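Reviewing the structure listed below.
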Amino acid sequence: MSTWIFGYGSLVWRPDFPFAQRRPAAIDGWTRRFWQASPDHRGIPGAPGRVVTLVPDPQARTVGVAYQVAPEHVTEVLARLDHREQAGYAHHRVPMVLDREVVEGLVYVATPENPNFIGPAPLDEMARHIVRSVGPSGTNIEYVLRLAEAIRSLDADDPDLFALEAAILKLTADS
Ligand code: BEZ
């Protein structure tokens, strides 16, 4: 059987696995937040970056992208994602809204108990943190700007993401 995987972070703009279909999608009851430290992708141990996770919120809808993975690739893709996201994410089964269709699939969410869960901070502090962070996958700035661009290209609104993007652009323009 094929498996759907919901991307709401770097998977939106840089899926690194084989997929049969890519569809704009949304999941209800979760909101995107930059509350997870990244010591392995957008930062390093001792100077981690900040990346997204999802936080439960009954009123929220998060827009992202759903990928349908063919049966012959499911084991390999899940192993790759489990490895890539080893810094504190667990996967959940969720309904995903694809246009007028609802499919069930997997989403990776950082558990609040994981040691890299850093929670909220004032916008300016988060922006400064992101501007100074860099890791093996590239700069933390690139991660935020590419995500904001990808979400905008889906015609979706995400006021927190866009406010963070604006704060980062202001800091980088000022420096
Ligand atoms: C993503 O959607 O890019 C993603 C976020 C957290 C863990 C795995 C994937």
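For ligands, and for the atoms within them, numbers begin at 1 and follow the listed sequence. All figures in this text were calculated on a predicted structure; none of them were measured in a lab. The basis for the numbers below is simple: all heavy atoms, side chains too, and nothing from hydrogens, waters or symmetry mates.
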Output yes when the distance from some N or O of ligand 1 to some N or O of [X] is under 3.5 Å, and no in every other case.
X: Y89; value: no
X: L81; value: no
X: G7; value: no

(request) Keeping the roles fixed (side chain from R42, backbone from T139), state whether a donor-acceptor pair exists under 3.5 Å. (result)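 Yes.
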
(message) I need the contact type for Y8 against ligand 1. Using non-hydrogen atoms and a strict under-4.0 Å cut-off, is it side chain, backbone, both or neither?
(response)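 The part of Y8 near ligand 1 is both the backbone and the side chain.
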
(message) Under a 3.5 Å threshold, yes or no: a donor from one side chain and an acceptor from the other, between D82 and Y108?
(response)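 Y108 and D82 do have a side-chain donor-acceptor pair below 3.5 Å.
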
(request) List, by chain and number, the other hydrophobic cluster members for F117, where Ile, Leu, Val, Met, Phe, Trp and Tyr join if side-chain heavy atoms come within less than 4.5 Å, directly or indirectly. (result)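 Under the 4.5 Å side-chain rule, F117 groups with W35, V55.
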
(request) Can you run down the side-chain hydrogen bond (donor to acceptor under 3.5 Å, both in side chains) pairs that involve residues 95-104, sequence neighbours left out, and say none if there aren't any? (result) R23-E101

